[in-house]
Undergrad: 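Here it is, the structure, as structure tokens.
Just so we're on the same page: letters track the sequence lines, and every chain starts at 1. Basis for what follows: all heavy atoms, side chains included, without hydrogens, waters or symmetry-related copies.
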Protein chains: 2
Amino acid sequence: MALMHFHALTRASENYPIGLMEEFTSSTLGEIPTLADVAAAAGVSTATVSRCLNTPDRVTKKTLNIVMETVDRLGYSPNYSARALAAGRTNTIGAIIPTMENAIFARGIQAFQEELQENGCTLLVASSSYRQDLEEEQIKTLTVRGADALLLIGYQRDPKIYEYLEKRKIPAVLTWASDPAEKHLSVGFNNRRAMRSLAELVLKNGHTKIGCITADTIANDRARDRVHGIRDAMEAAGLDPSDLIVQETQYSINKGDVAFRSLMSREDRPTAVMCGNDVLAVGAVRAASALNMSIPDDVSITGFDDIELASVANVPLTTVHVPHRRMGQFAAQALMSAINGKTPQSVELPTTICRRNTLGPAPKASKRNRS
Amino acid sequence: MALMHFHALTRASENYPIGLMEEFTSSTLGEIPTLADVAAAAGVSTATVSRCLNTPDRVTKKTLNIVMETVDRLGYSPNYSARALAAGRTNTIGAIIPTMENAIFARGIQAFQEELQENGCTLLVASSSYRQDLEEEQIKTLTVRGADALLLIGYQRDPKIYEYLEKRKIPAVLTWASDPAEKHLSVGFNNRRAMRSLAELVLKNGHTKIGCITADTIANDRARDRVHGIRDAMEAAGLDPSDLIVQETQYSINKGDVAFRSLMSREDRPTAVMCGNDVLAVGAVRAASALNMSIPDDVSITGFDDIELASVANVPLTTVHVPHRRMGQFAAQALMSAINGKTPQSVELPTTICRRNTLGPAPKASKRNRS
DNA sequence: ATGAAAAATGTAAGCGCTTACATTTTTACT
DNA sequence: AGTAAAAATGTAAGCGCTTACATTTTTCAT
């Protein structure tokens with residue numbers, strides 16, 4: 001409950017055009033007009049007005065004009081609660097993300113929202129603070145509030161939840177991960193493979209002592225997969241995967257800083273530190289600077305996500321680029337088609353490696369810079 | 001439309017206790033139960049069930065127990081659309097903030113949301129990208145969607161909007177600013193006075209050539225007030241307020257960086273740069289480092305807001321601390337009481353100066369570091 | 001022209017809930 | 001015990017909209 005950011009987002013615009021300022025001015029009369037008022041004023045039935053608003057192609061051009069003109073004149077706008085009650089759908093989609101404290105999910109969710117907007121839907125965002133129990137609570141809240149569909153992060157959750165959603169016929173798309181073995185609808189990327197690629201690059205630079213700063217690998221399947229990816233690469237390169245030095249913490253700049261220092265204070269300090277995401281990596285970079293270590297001469301650092309922070313950091317981050325925007329967009333499309341009774345396919349998006357300035361060859365001498 | 005982040009937030013929890021996992025499991029039967037189902041199962045009328053849920057004190061303890069037990073057993077949860085339609089209120093509050101791209105509003109809005117939550121309300125957040133036209137559109141969308149009340153940032157907007165809200169009887173609280181001269185309900189702080197205090201401190205450090213990086217002062221009244229505050233201090237100190245070098249830009253780290261460089265490339269480069277907010281200041285600090293200027297020896301920099309970024313920056317920022325959390329909380333309380341028919345009073349919160357490491361005495365010699 | 005099919009429109013039954021008002025039960029005095 | 005007032009409960013009328021179905025109008029091939 002505690003740290004949760006909250007939020008529900010929405011963006012402006014209506015399905016049918018209404019002059020905005022007119023809307024603010026017109027209809028100086030007392031009450032807020034209803035659909036019935038419009039019908040009366042236009043001399044048609046409520047059914048026709050409703051059709052003009054929702055399925056304009058099922059109505060004569062002439063009727064449409066009259067009705068829309070009346071709508072404008074009266075400054076009518078539909079009551080969403082009534083519409084939702086009668087139609088049995090709210091045109092609201094819920095998204096539950098682990099955190100809003102940093103920008104990890106911002107870009108993807110924004111794209112998701114934009115695409116939803118295109119389809120006349122509103123997004124409601126809730127945050128789970130990386131806690132499964134809170135996520136469950138949020139799922140309940142959102143569905144009870146009438147969400148027509150849900151966006152969730154990752155695969156890992158109580159199977160009961162999937163049953164619950166299925167029973168309520170609420171489609172859900174799982175994002176930020178992709179596992180062909182899982183049958184549930186998902187739009188994401190392969191965390192393990194992505195991190196493996198980056199790790200291979202690190203290895204190719206001659207690093208053999210590798211450290212890793214990651215989020216909790218028990219509850220967070222994306223984090224776990226990324227660590228797996230590093231181990232995969234090590235194994236493939238003939239190294240012992242269990243030599244990977246893993247430091248678990250939470251996603252924040254400060255935590256990354258602390259974890260990095262802890263890694264550097266070890267006897268067998270790694271020459272490359274692969275971070276579970278960019279936020280952690282930025283913290284690591286800051287710590288390195290504070291320790292007077294030069295990047296990448298003394299130590300290499302990598303990130304994951306390629307959020308804005310990555311390029312804006314002291315030293316631009318070498319990281320994995322995730323196509324967040326496309327992911328959000330595709331997720332929205334998948335959900336929309338699911339709502340409309342179709343059966344969308346899962347999609348796995350490719351990631352790329354973004355070479356910037358924090359990865360270099362492993363240092364030759366073990367030049368120490370105890371500060 | 002373009003850059004808008006989206007978002008609507010919500011946090012879990014119901015007014016009445018329902019075992020969560022039970023909820024996910026129970027009621028394996030076909031349909032989703034309605035209030036009428038509960039009434040039938042409990043052997044009471046729908047009115048009584050409704051009262052158990054909404055006004056438990058108007059019901060016998062015994063009845064309450066029976067009903068709640070039935071609610072639990074059936075896994076009933078109310079249909080919000082129906083409730084909203086029947087009750088004429090949605091328990092949804094809208095907030096329209098200029099941006100979600102950075103953390104400027106995050107803390108305050110989060111506190112706002114938390115307080116709302118306490119009162120059983122859900123928050124819907126929309127963003128206006130600092131554009132008045134988009135803000136108007138959002139206000140319309142949110143009210144049409146049924147928001148019971150609105151949180152808005154600053155005072156400056158078309159008076160028609162206030163009329164529109166008044167007509168619809170939708171209370172609105174203006175935040176992030178405070179002007180006793182304005183009669184509209186507000187919960188905020190005095191931007192002008194706050195910045196003036198900080199400027200006085202800068203002046204006291206011997207700076208006479210002062211630069212300022214700010215957001216657009218035409219559309220953004222908070223930004224304008226802050227610049228005014230600097231001028232006030234200069235004037236009071238016997239300096240010519242028009243000597244203030246003002247650089248207008250948008251709020252982003254990069255923009256702050258660029259603006260700072262521009263300021264430093266002038267003949268009459270300022271010895272102190274006061275930034276309109278912390279984001280800009282962090283950019284300025286980064287630019288200064290890049291230019292090999294030492295802070296605060298070569299140049300002083302100040303921020304505004306005291307967001308997390310401020311203390312996490314390369315050099316911890318001297319800035320104005322704004323009690324964001326209390327502001328959000330008070331704003332929520334004000335709105336809740338307005339919804340309940342009361343007439344809450346505006347409140348102005350005090351700000352404090354947060355002395356950290358970016359403000360120092362004006363340099364003696366004009367030591368130049370052209371890079 | 002004529003009639004069957006297609007298109008447009010109208011009628012009216014809810015969607016699931018709240019709440020004013022009516023009725024019944026309980027409480028608290030005398 | 002008896003009664004008026006208070007408390008609890010029930011009855012039923014909507015809230016504003018969508019939509020199945022019925023009806024009317026238009027279209028179009030013959």
Side-chain angles (χ1 to χ4, degrees), chain A residues 14-16 31-68 70-71 74-92 120 143-146 148 168-169, chain B residues 14-16 31-68 70-71 74-92 120 143-146 148 168-169:
Chain A
E14 281 302 303
N15 294 349
Y16 43 88
E31 285 313 293
I32 292 166
T34 70
L35 205 172
D37 296 334
V38 175
V44 299
S45 73
T46 59
T48 300
V49 176
S50 177
R51 280 189 281 257
C52 288
L53 265 25
N54 300 304
T55 51
D57 38 305
R58 308 191 66 64
V59 133
T60 312
K61 197 134 202 158
K62 195 176 119 218
T63 324
L64 185 62
N65 287 149
I66 297 177
V67 170
M68 292 323 263
T70 313
V71 162
L74 266 48
Y76 167 77
S77 42
N79 178 317
Y80 277 73
S81 301
R83 176 179 279 187
L85 178 57
R89 53 132 72 186
T90 58
N91 288 315
T92 294
T143 56
V144 156
R145 279 248 166 204
D148 292 332
R168 297 223 162 198
K169 305 214 191 331
Chain B
E14 281 302 304
N15 296 348
Y16 42 88
E31 287 314 291
I32 292 165
T34 68
L35 205 170
D37 295 335
V38 175
V44 298
S45 72
T46 59
T48 300
V49 176
S50 178
R51 280 188 280 258
C52 287
L53 264 24
N54 300 304
T55 49
D57 37 306
R58 308 193 66 64
V59 132
T60 313
K61 197 133 201 154
K62 194 176 122 219
T63 323
L64 184 63
N65 287 151
I66 297 177
V67 170
M68 294 320 267
T70 312
V71 162
L74 264 48
Y76 167 78
S77 42
N79 177 317
Y80 278 71
S81 301
R83 176 178 279 188
L85 178 58
R89 53 132 73 187
T90 58
N91 288 317
T92 293
T143 56
V144 157
R145 279 247 166 204
D148 291 333
R168 297 222 163 199
K169 303 215 194 332

Undergrad: Distance check needed: dA7(D) C1' versus Lys62(B) NZ, whole Å only.
TA: 14 Å
Undergrad: Output one letter per nucleotide in nucleotides 16-26 of chain C: B when a protein non-hydrogen atom lies under 4.0 Å from the base, S when only the sugar-phosphate is that close, - when neither is.
TA: BBBB-------
Undergrad: Mind checking the OH-CG spacing from Tyr80(A) to Leu85(A)? Nearest 0.5 Å is all I need.
TA: 16.0 Å
Undergrad: Rounding to a whole Å, what distance do you find between Lys61(B):NZ and dA8(D):P?
TA: 12 Å
Undergrad: Counting C-beta onward and ignoring hydrogens, is there a side-chain heavy-atom pair between Pro78(B) and Leu35(B) closer than 4.5 Å?
TA: no
Undergrad: Any non-hydrogen side-chain atom of Arg145(B) less than 4.5 Å from a side-chain atom of Thr90(B)?
TA: no
Undergrad: Distance-only check: which donor-acceptor pairs under 3.5 Å involve side-chain atoms of residues 37-45 of chain A, not counting sequence neighbours?
TA:
residue  : atom : partner  : partner atom : Å
Asp37(A) : OD2  : Thr34(A) : N            : 2.8
Ser45(A) : OG   : Ala47(A) : N            : 3.4
Ser45(A) : OG   : Thr48(A) : N            : 3.3
Ser45(A) : OG   : Thr48(A) : OG1          : 3.3

Undergrad: Could you check if a side-chain atom of Tyr76(B) sits within less than 4.5 angstrom of a side-chain atom of Val67(B), using non-hydrogen atoms only?
TA: no
